Number of protein chains: 2
Amino acid sequence: MTEPTIPAGAPRFSDAAALRASMSAHAGLVESTIDALLPLTSGKENKLIEAMRYATLGGGKRLRGYLAVEVASLFGVPSAQSARVGASVEMLHAYSLVHDDLPAMDDDDLRRGQPSTHRKFDEATAILAGDALQTKSFEILAEADTHADASVRIALILAFADASGAAGMVGGQMIDMEGEGQSFPLDDVRRLHALKTGCLIRYSAEAGAILGQATPDEQARLRSYGTHIGAAFQIADDVLDATATAEELGKTAGKDEASGKSTFVSLLGIKGAQAEAERLVELAVSELAPFGEKASNLKALAYYVIQRRN
Amino acid sequence: MTEPTIPAGAPRFSDAAALRASMSAHAGLVESTIDALLPLTSGKENKLIEAMRYATLGGGKRLRGYLAVEVASLFGVPSAQSARVGASVEMLHAYSLVHDDLPAMDDDDLRRGQPSTHRKFDEATAILAGDALQTKSFEILAEADTHADASVRIALILAFADASGAAGMVGGQMIDMEGEGQSFPLDDVRRLHALKTGCLIRYSAEAGAILGQATPDEQARLRSYGTHIGAAFQIADDVLDATATAEELGKTAGKDEASGKSTFVSLLGIKGAQAEAERLVELAVSELAPFGEKASNLKALAYYVIQRRN
């Protein structure tokens, strides 16, 4: 295994700076969109809304929301419109984190450096907040403000359900729970992560393309781009778990090794895992070729997912 | 408070027998539709599918599914098509039961006389099965087989999200959890139940009308019919909890009084609660007038919800 080198196509510093500015602006837009979509109520169920807001408005990279908005911008969709799709996928992501953190699941007290939702509130509230966030994420996609054409909204909902249900994210989480303490071969680890985290990242890129009414070829390319960066993202996560501190991560570090589960790092070593992530990033970037300069942020993002420290 | 009498409009024996036959046939159709929509897989996530099937295929009255199919039949929708909407709402209902039964929620070991899903499997699997059932219930509505017209599918999804999310079923469950051991005034109990169980029953009737592309007036009547029988259903539930045995219910009886929560029975007495349920059933039946004989099963159903013993 040779030392991984900086890939020839890696972005210049100016591209990385532009990406940071773009991600920061879009994270703010997705955040304010979520804020507007989850108004507090005067009813006795207000604690539920507070927990939904706590779980979704606590910051984070907003990678999924960013992907949706940035891909949609390739097709001229205004960010005020695509930010709704970004808010929807971030709500679904947040629901999955709230449920994953529960004592019966990963039993995590910390999320983004703050108490996880069931620690801040209680278990019942966390279960219900996750449930209601899932509902809300589908509702947003169905609303006319997301797109004037009902068939576009339907396409978004079908792709979303496929990515997040038993054949996607939740299926992956089930495999992960079942595999605790067992070792898996590499192909199984790939499939686990493709489902557990990859599908929703792929969907985020795909959703931008659907919203932008991209051609079938463009949709296939952006879906493939999303698939590859989703896979690279998870490998980078495994590397971070093995190398970063809890302070950097904002969550418990070194959990994978402690739990004995198979990861890309346990199967390929740190350098091998990094090389695999870089290979996937190159594949992702190659799908962006037809979009030229317009896709420079998406190109920089592909490198970012494997260079981040949290 | 006077002894409640059999209402003048109560169905004849022949109507009740026709209803039983119709409910039984449609329960079978909804059951086989769910079965076909949740195929087992060969992947490691198969335990998740097994839990989803366990939670949804365990029988039950299929009141919600029946309502959707029977209302749709008023408008000539074939039951093979409307059974998909029935399966969707039954899956959502099942997810809510799986999560409500969890130790952090109502902590119930028994459901329909069988171990609840987290007792049969484990807590993590039950949480995930509920999550994936919710996703599936939305996915089914979005699929072209549900209706050729995307805007009809969108209308179903919006009504479904409204009924089942934070402003509906889950909001009601939150109020219920917060109210444990507290006494509520009657208006609050009404609102709690309108959200927790009423919304989804109302939606079931409404969904049949949407699928049947009913006129706005017809939709409003069937929505009102659903609202009233939803409220009557819950009052009957409170009465059953106070009067039926665990064997009859297939779940723990007498839980309301033990928990000290306000119910229609604690606030109105058994006879007062029964009278209120009958008043609501009369209101529900009055909405069916324009549909004449075609609605005889729906009329009989309104009486059934307050006469059932489980």
Side-chain angles (χ1 to χ4, degrees), chain A residues 38 41 43-49 51-52 95-96 99 102-105 118 122-136 138-139 141-144 149-151 153-154 157-158 160-162 164-175 177-179 184 188 191-192 195, chain B residues 38 41 43-49 51-52 95-96 99 102-105 118 122-136 138-139 141-144 149-151 153-154 157-158 160-162 164-175 177-179 184 188 191-192 195:
Chain A
L38 294 177
T41 79
K44 285 179 192 290
E45 70 280 17
N46 197 41
K47 183 178 175 185
L48 177 68
I49 314 290
M52 292 167 76
Y95 119 66
S96 77
H99 282 190
L102 287 168
M105 306 270 282
H118 68 278
D122 52 67
E123 272 187 67
T125 303
I127 294 166
L128 294 172
D131 289 345
L133 281 170
Q134 179 176 186
T135 319
K136 190 73 191 174
F138 277 96
E139 184 174 39
L141 295 182
E143 287 169 341
D149 184 341
S151 67
R153 285 177 266 154
I154 285 289
I157 291 166
L158 286 171
F160 195 44
D162 182 56
S164 63
M169 183 186 79
V170 177
Q173 179 64 14
M174 184 78 241
I175 298 172
M177 296 301 301
E178 284 293 286
F184 281 162
D188 285 4
R191 179 164 185 271
L192 157 61
L195 295 178
Chain B
L38 294 176
T41 79
K44 285 180 191 289
E45 71 279 18
N46 197 40
K47 182 179 176 186
L48 177 68
I49 315 290
M52 292 166 77
Y95 119 67
S96 78
H99 282 190
L102 288 167
M105 306 268 282
H118 69 278
D122 52 67
E123 271 188 68
T125 303
I127 294 168
L128 293 172
D131 289 345
L133 281 170
Q134 179 176 185
T135 318
K136 191 72 189 174
F138 278 96
E139 184 173 38
L141 295 182
E143 287 169 341
D149 184 340
S151 66
R153 285 177 266 153
I154 286 288
I157 291 166
L158 286 172
F160 195 44
D162 183 55
S164 63
M169 183 186 78
V170 178
Q173 179 63 13
M174 184 77 244
I175 299 172
M177 296 300 301
E178 284 292 285
F184 280 163
D188 286 4
R191 179 165 185 271
L192 157 61
L195 294 178

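In this text the structure is predicted, and so the values were computed from the model without any measurement. Below, chain A is the first sequence line, B the second, and so on; all start at residue 1.
Closest non-hydrogen pair, B:Ala124 versus A:Ala104, comes out as CB-O, 3.4 Å. In plain terms, the two heavy atoms of B:Ala161 and A:Glu139 that are nearest each other are CB-CB, 3.6 Å.
The greatest number of non-hydrogen atom pairs below 4.5 Å with chain A, out of B:Ala142, B:Gly165, B:Gly130, is found for B:Ala142. With chain B as partner, the option from A:Leu48, A:Asp149, A:Leu38 having the largest number of non-hydrogen pairs under 4.5 angstrom is A:Leu48. With chain B as the partner, the residue from A:Met174, A:Arg153, A:Glu143, A:Met105 showing the most heavy-atom pairs under 4.5 Å is A:Met174. Contact tally against chain B (heavy-atom pairs below 4.5 Å) for A:Ile175, A:Thr125, A:Asp131: the top residue is A:Asp131.
Classification of the A:His99-B:His99 ring pair by plane angle, with boundaries at 30° and 60°, yields perpendicular.
Of the possible donor and acceptor atoms, none in the side chain of B:Glu45 sits under 3.5 Å from a partner among the backbone N and O of A:Ala166.
Residue contact with chain B, scored on non-hydrogen atoms closer than 4.5 Å, involves the side chain of A:Met52 exclusively. Proximity to chain A (any heavy atom under 4.5 Å) is shown, for B:Leu128, by both the backbone and the side chain. With a 4.5 Å cut-off on non-hydrogen atoms, A:Phe160 does not touch chain B at all. Contacts of A:Leu102 with chain B are made by side-chain atoms alone, with heavy-atom separations under 4.5 Å and no backbone atom involved. If you measure heavy-atom distances from A:Ile154 to chain B, the contacts under 4.5 Å come from both the backbone and the side chain.
Taking A:Asp188 as the reference, A:Phe184, A:Pro185, B:Lys44 meet the side chain to side chain contact (heavy atoms under 4.5 Å, CB included) condition, with sequence neighbours excluded. With sequence neighbours excluded, the residues satisfying salt bridge (Lys or Arg N to Asp or Glu O under 4.0 Å) with A:Lys47 are A:Asp122, B:Glu178.
Under the 4.5 Å side-chain criterion, counting only non-hydrogen atoms from C-beta, B:Ile157 is not in contact with A:Leu141. A 4.5 Å side-chain heavy-atom check between A:Gln134 and B:Thr135 finds at least one atom pair inside the cut-off.
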